[in-house]
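Submitted below is the structure of interest, expressed as structure tokens.
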Amino acid sequence: TTSPGSLLHVYQDSASSLEVLFENDGAGQSGLTLRSDRGSNGNLIGFVFFDGNDNGNNNTRYNSIESYIVDSSNGTEDGRLTFSTYAAGTDIEAMHIMGYGSEARVGIGTDTPARKFSVSAGDINIDAGKRYYWSSGDAAITSSGYNMMFETYTGSALTEKVRIQGNGNVGIGTTTP
């Protein structure tokens, strides 16, 4: 382009895809580093924007990934990645991945997840017949029809221990309360 919009501006007027490729044909790695000297808590230090034209031919942002400093204390630094999408023309911060002490946390609908996985201001949907498992494999919650079942491990398999039917009947040790 004859009028670049930034220090590096790659322009193509074509129906073909435009991509940037970093290729290492040896044993080493390839990477991309976005670095900033901003060092205060709350600072935005890097971003990737996904823009395109709307039907009025206006440049429109549709999604973004942003990187923030949460704690800039030397030796205990924490960061946050914010994934945003646009709904009805409004930027919605949909998900946050955040360092917190010695662990990572994921928040949907919150930028301050209180646990490893936090959902705020919305419901979680699990498809019928699918299970919610504990990581040890020792327990699960599942549903079928209008029934909700609680299963625990017997030493060889998960087996149903409690069933709550849609009519309110509860069975412990039976599948037909």
Under 3.5 Å, side chain of Ser118 to main-chain N/O of Arg115, donor-acceptor pair present?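 Answer holds: yes.
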Nearest 0.5 angstrom please: Ile69 CD1 to Asn41 CG, how far?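 Atom-to-atom, Ile69:CD1 and Asn41:CG are 7.0 Å apart.
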At their closest point, which heavy atom of Asp91 faces which heavy atom of Ser84, and how far apart are they?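 Residues Asp91 and Ser84, closest heavy atoms: OD1-CB, 3.1 Å.
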Spell out, yes or no, whether Leu81 and Val48 are grouped together once hydrophobic residues are joined by side-chain heavy atoms under 4.5 Å, including indirect joins.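 Same cluster: Leu81 reaches Val48 through Ile, Leu, Val, Met, Phe, Trp or Tyr contacts under 4.5 Å.
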If you compare all heavy atoms of Leu8 against all heavy atoms of Ser6, which two are closest, and at what distance to 0.1 Å?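 Result for this residue pair: O-OG, 2.9 Å.
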I'd like to check Tyr132 versus Thr142 (side-chain heavy atoms, cut-off strictly below 4.5 Å). Are they in contact?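 Heavy-atom side-chain distance check fails, nothing below 4.5 Å.
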Search all heavy atoms of Glu23 against all heavy atoms of Leu21 and return the closest pair with its distance.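 Closest heavy-atom pair between Glu23 and Leu21: OE1-CD2, 3.7 Å.
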Nearest-0.5 Å distance that lies between atom CG in Asn59 and atom CG in Asn53: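 The CG atom of Asn53 is 6.0 Å from CG of Asn59, to the nearest 0.5 Å.
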With the side chain counted from C-beta on, respond yes when Glu77 and Asp71 share a heavy-atom pair under 4.5 Å apart, and no when they do not.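 Of all side-chain heavy-atom pairs linking Asp71 with Glu77, none is under 4.5 Å.
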Partners meeting side-chain contact (heavy atoms from CB on, under 4.5 Å) with Thr112 (sequence neighbours left out):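 Applying side-chain contact (heavy atoms from CB on, under 4.5 Å) to Thr112 gives Thr110.
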Heavy-atom pair of closest approach, residues Pro113 and Arg105: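 Nearest heavy atoms, Pro113 then Arg105: O-NH1, 3.1 Å.
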Side-chain donor/acceptor pairs under 3.5 Å, residues 119-131, sequence neighbours excluded:
{"from": "Arg131", "atom 1": "NE", "to": "Glu151", "atom 2": "OE1", "distance (Å)": "2.7"}
{"from": "Arg131", "atom 1": "NH1", "to": "Tyr133", "atom 2": "OH", "distance (Å)": "3.2"}
{"from": "Arg131", "atom 1": "NH2", "to": "Glu151", "atom 2": "OE1", "distance (Å)": "3.3"}
{"from": "Arg131", "atom 1": "NH2", "to": "Glu151", "atom 2": "OE2", "distance (Å)": "3.1"}

Heavy-atom side-chain contact between His9 and Leu7 under 4.5 Å: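 No, side chains not in contact.
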The criterion is side chain to side chain donor-acceptor pair (under 3.5 Å); which residues satisfy it with Ser3, sequence neighbours excluded?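 Side chain to side chain donor-acceptor pair (under 3.5 Å) list for Ser3, sorted by chain: empty.
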Going through the checks in order, is the side-chain contact (heavy atoms from CB on, under 4.5 Å) test met by Ile65 and Thr82? CA-CA 6 Å; Ile65 303 170; Thr82 298; over 6 Å; no
Can you list every pair that meets side chain to side chain donor-acceptor pair (under 3.5 Å) and has a residue in residues 24-33, with sequence neighbours left out?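 Qualifying pairs: none.
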How close do Arg38 and Asn43 get, heavy atom to heavy atom, and via which atoms?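 Taking Arg38 first and Asn43 second, the nearest heavy atoms are NH2-ND2, 3.4 Å.
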Quick check for you: to the nearest 0.5 Å, what is the distance between Ile45 atom CD1 and Glu66 atom CD?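 It comes to 11.5 Å.
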Hydrophobic cluster identity match, Phe150 and Leu158, side-chain contacts under 4.5 Å: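 No; tracing contacts between hydrophobic side chains, which count when under 4.5 Å, never links both residues.
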Tell me the closest heavy-atom pair linking Thr154 and Thr159, and the distance in Å.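 Shortest heavy-atom contact: CG2-OG1, 3.1 Å.
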Between CE of Met95 and OG1 of Thr85, what distance do you get to the nearest 0.5 Å?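 Interatomic distance, Met95 CE to Thr85 OG1, rounded to 0.5 Å: 11.5 Å.
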Whether over 12 other heavy atoms sit under 6.0 Å from Leu18 CG: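 Count over threshold, so yes.
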Can you tell me how far apart CD1 (Ile164) and CG (Asn147) are? Round to the nearest 0.5 Å.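 Between Ile164 CD1 and Asn147 CG, I get 9.5 Å after rounding to 0.5 Å.
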Applying ring-ring contact (aromatic ring centres under 6.0 Å, His included), which residue pairs with at least one partner in residues 71-110 are found, sequence neighbours left out?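 Qualifying pairs, neighbours excluded: none.
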Is there a path of hydrophobic side-chain contacts, each under 4.5 Å between heavy atoms, that joins Met148 and Ile172?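 Linked within one cluster.
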Can you get from Met149 to Val170 by hopping between Ile, Leu, Val, Met, Phe, Trp and Tyr side chains that sit under 4.5 Å apart?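 Hydrophobic grouping puts Met149 apart from Val170.
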Would Asn58 and Thr60 count as having a side-chain donor-acceptor pair, cut-off 3.5 Å?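 No, no side-chain donor-acceptor pair sits under 3.5 Å.
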Pairwise distance CZ(Arg163) to OG1(Thr176) - rounded to 0.5 angstrom: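 Here the rounded value is 8.0 Å.
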What ring-ring contact (aromatic ring centres under 6.0 Å, His included) pairs are there with at least one residue in residues 44-75, not counting sequence neighbours?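 Checked against ring-ring contact (aromatic ring centres under 6.0 Å, His included) - neighbours excluded - the pairs reaching residues 44-75 are Phe47-Phe49.
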Do the side chains of Arg80 and Ser67 get nearer than 4.5 Å, heavy atoms only?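 Of all side-chain heavy-atom pairs linking Arg80 with Ser67, none is under 4.5 Å.
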